[in-house]
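Below is one structure; the comments refer to it alone.
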Amino acid sequence: MIGAGHAGLAASRCLSARSIDHVVLERGEVANSWRRERWDSLRLLTPNWQSRLPGYRYEGADPDGYMTAAEVADFISRFAGLCGAPVRTHTTVTCVRRADQGFHVATTRGDLRCRTVMLASGACNAPSVPSLHQGVPSTIRCFTPFDYRNPGQLPDGGVLVVGASATGVQLADEIHRSGRPVTLSVGEHVRLPRTYRGRDVLWWMDASGVWNQRIDEIDDLTRARRLPSPQLVGTPERATLDLNALSAAGIRIVGRLAAIRDGQALFSGGLRNQFALADLKMERLLDTFDDWARVQRRDAGVAPPERFEPTRVPEASPLKIDLRSGEIRSIVWATGFRPVYDWLDVPVVDSKGHLRHVGGVVDAPGLYALGLPVLRRRKSSFIHGAEDDARELVDHLAGYLAGAKE
Ligand SMILES: Cc1cc2nc3c(=O)[nH]c(=O)nc-3n(C[C@H](O)[C@H](O)[C@H](O)COP(=O)(O)OP(=O)(O)OC[C@H]3O[C@@H](n4cnc5c(N)ncnc54)[C@H](O)[C@@H]3O)c2cc1C
C-alpha cells in the first residue's frame, strides 16, 4: 500500500480482515496531507457525522459541525491506531516497476518485492496551475493552495483569485475579510446551498443515493471525474458561500481567465451562460432530492421545497485587467489539484497524467488504485467514500492472489 491517508488505511483494515500480509508505506506521517498541505482556516465541507471509515465513525459532541484539518489528522490517526495498521512512516516510494510475478518497490528506506501494489497516494498531490501563469508579470506574487496558509502572507493590495470551486470561494472570502480587494475569476462551477429544506445539502446527497451512484449508473464518467468541487464551506453558521454571497460581500466577479498577453489578464465574457448553467444544474439536483423525499414519504421530516435566487450577473465586469498597473498585487491559483505518479515506472499513466483503470483495477495485473475522483462511485474521493471502494478492491485483490497461486 502506498499512502497512509484515510484511503490507504481503510484498505489496510480490509486487508487485515482477510489476513492478507501487507505494509503501508508513507513518505511523511499518517494523514500527512491534512498536516502539511492545507491552509490554516480549512475545515471539511462534509459534516462530522459523515466522517466514517470501516468500523469507525465520528462520535464527538458536534455531529453537524465541520472538522479543522488538525481534527481530521487526529481522526485518521486514531483510526490507524485502532486498526494497528502496519504503517512505515518517513518512507518515500521512489520507484514501482514490474518484477517477476509482482512488483519491485524502491523506497528511501530500502527496496521491497510484492505480489500486488495498491496506490493510495492521493488525488491531490500537487496544485494544478494552467500554463498561462507564465505570462504573469514578475511584480505579482503568486500562491497556490499548497503554499497559501493565511491572508497575512499576501502583500497589501488587490488579489486575483482564479477558480471558483470550493477552494477558490473559501480563499476569496477569507482574503476579502482581511481587507484586501478581491477579484474572483469564475469558470465552470458547481453551485450548492449549504442547507436545503432544513438539512445539510450533503445529507441530501447521502440520503437520496446520489453520492452512492456507481460508475455504471453515470452517463458521462469522464465528465463526472472532471467536475469541479462544489461551492461549499464548513462554518459553524452553516453559511452558503455561492457567488451571490460573495458579490454581496463586495468581491468583484469576472469571467474565466482566458489568457495573459503583454501583462494583460483577459477574461471571457460568458458569465451569464456560466451562471445559468450552474443554476440549472443546481435546480435539477434539488428536483432529484424533492422527488426522492416524495417517493420515500420523507416530506414530513423535512422543511418544504425551496428555490434560490438565480446567480446575479454583475452590471459591469471587466474583460481585461492590466496586471502591471498595481491594481492586482497577488494571484491565488485555485485551479484544482492533480495526482503525481512520477515514481510509477509501469506504463499505466496517459498523456494527461491520468491513471488508466476501471473502477480502481489498474491496467496492469496486480496494480490497484484508491481515492481518485468517482473511482467506483460518486463519493469515492471523500472520506466516507473509501469504505465501499476499499472493500470491493480488496475482494478483487484477494481473488487475484488466489488465482496467481493456482
Ligand atoms: C483542500 C481539500 C479539501 C477537502 N475537503 C474534503 C472534505 O471536506 N471532505 C472529504 O470527505 N474530503 C475532502 N477532500 C478530499 C479528500 O478527502 C482528501 O483529498 C484526502 O486527503 C484524500 O485521502 P487519500 O487517502 O486518498 O489521499 P491523501 O490524504 O493525499 O493520502 C495520500 C498519502 O500518500 C502519501 N504519499 C504520496 N506519494 C507517496 C510516495 N511516493 N511514497 C510514500 N507516500 C506517498 C502522502 O504523503 C499522503 O499521506 C478534500 C481535499 C482537498 C485537497
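What you see is a predicted model; the values in this text were computed from it and never measured. Start at 1 with the first residue, then count along the sequence. In each ligand, atom 1 is the first atom listed, and ligand 1 is the first ligand listed.
- Using cut-offs of 30° and 60° for the angle between ring planes, the W204 and W292 rings count as perpendicular.
- Ion pairing between a basic and an acidic side chain is recognised when a charged N comes within 4.0 Å of a carboxylate O; D62 and R43 show no such pairing.
- Of the protein's heavy atoms, E26 OE1, 2.6 Å lies nearest to atom 49 (O) of ligand 1.
- Ranking the protein heavy atoms by distance from atom 21 (O) of ligand 1 puts R38 NH2, 3.1 Å first.
- For ligand 1, the polar-atom distance check finds an N/O of A7 within less than 3.5 Å of one of the ligand's N/O atoms.
- Geometrically, ligand 1 and I383 share a nitrogen or oxygen pair separated by less than 3.5 Å.
- To the nearest 0.5 angstrom, H384 atom NE2 is 11.5 Å from R57 atom CZ.
- In this structure, I76 has no heavy atom closer than 4.0 Å to ligand 1.
- Distances from ligand 1 to the non-hydrogen atoms of Y66 include no value under 4.0 Å.
- Of the heavy atoms in A120, only backbone atoms (N, CA, C, O) come closer than 4.0 Å to ligand 1.
- The protein heavy atom nearest to atom 29 (O) of ligand 1 is S33 OG, 2.7 Å.
- Shortest non-hydrogen contact noted between D147 and T144 is OD1-N, 2.6 Å.
- The pair E29-R36 counts as a salt bridge, with a side-chain nitrogen and a carboxylate oxygen less than 4.0 angstrom apart.
- Of the protein's heavy atoms, V93 O, 3.1 Å lies nearest to atom 41 (N) of ligand 1.
- Assignment of V340 to the shell around ligand 1 is not supported, since no heavy atom sits closer than 4.0 Å.
- Of all protein heavy atoms, the one lying nearest to atom 16 (C) of ligand 1 is S381 O, 3.2 Å.
- Which parts of ligand 1 touch S121 is read off a 4.0 Å heavy-atom cut-off, strictly below it: atoms 32 (C), 34 (O), 37 (C), 38 (N).
- For ligand 1, the polar-atom distance check finds no N/O of T92 at less than 3.5 Å from any of the ligand's N/O atoms.
- Only one option out of R284, Q274, R307, R191 pairs with D279 in a side chain to side chain donor-acceptor pair (under 3.5 Å); it is R191.
- Remark: minimum distance from atom 8 (O) of ligand 1 to any protein heavy atom is reached at L45 N, 2.6 Å.
- Ring orientation note: the planes of Y196 and F308 are tilted relative to one another, at an angle of 30° to 60°.
- Protein heavy atom closest to atom 7 (C) of ligand 1, with residue, atom name and distance, is L44 CD2, 3.4 Å.
- By the criterion of a heavy-atom distance under 4.0 Å, neither the backbone nor the side chain of T94 is placed next to ligand 1.
- Checked against the 6.0 Å centroid threshold, F382 and W211 count as a close aromatic pair.
- Near G3, meaning under 4.0 Å from one of its heavy atoms, ligand 1 places the atoms 33 (C), 34 (O), 35 (C).
- Side-chain contact between N48 and M67 is present, with heavy atoms from C-beta onward closer than 4.5 Å.
- In summary, the atoms of ligand 1 found under 4.0 Å from a heavy atom of W343, numbered by their order in the structure, are 41 (N).
- One finds the CD atom of E26 at 8.0 Å from the OG1 atom of T92 (value rounded to the nearest 0.5 Å).
- Contact of the S185 side chain with the V254 side chain is registered, since non-hydrogen atoms from C-beta on lie closer than 4.5 Å.
- One distance of note links CZ of R27 with OG1 of T91; it measures 12.5 Å at 0.5 Å rounding.
- Considering both main-chain and side-chain atoms, R27 comes within under 3.5 Å of ligand 1 through a nitrogen or oxygen pair.
- Looking at atom 14 (N) of ligand 1, its nearest protein heavy atom turns out to be W34 CH2, 4.1 Å.
- Here atom 22 (C) of ligand 1 lies nearest to H6 when heavy atoms of R35, H6, R88 are compared.
- Counting heavy atoms under 4.0 Å from ligand 1, residue T107 does not touch it at all.
- Between L9 and V87 there is a side-chain heavy-atom pair separated by less than 4.5 Å.
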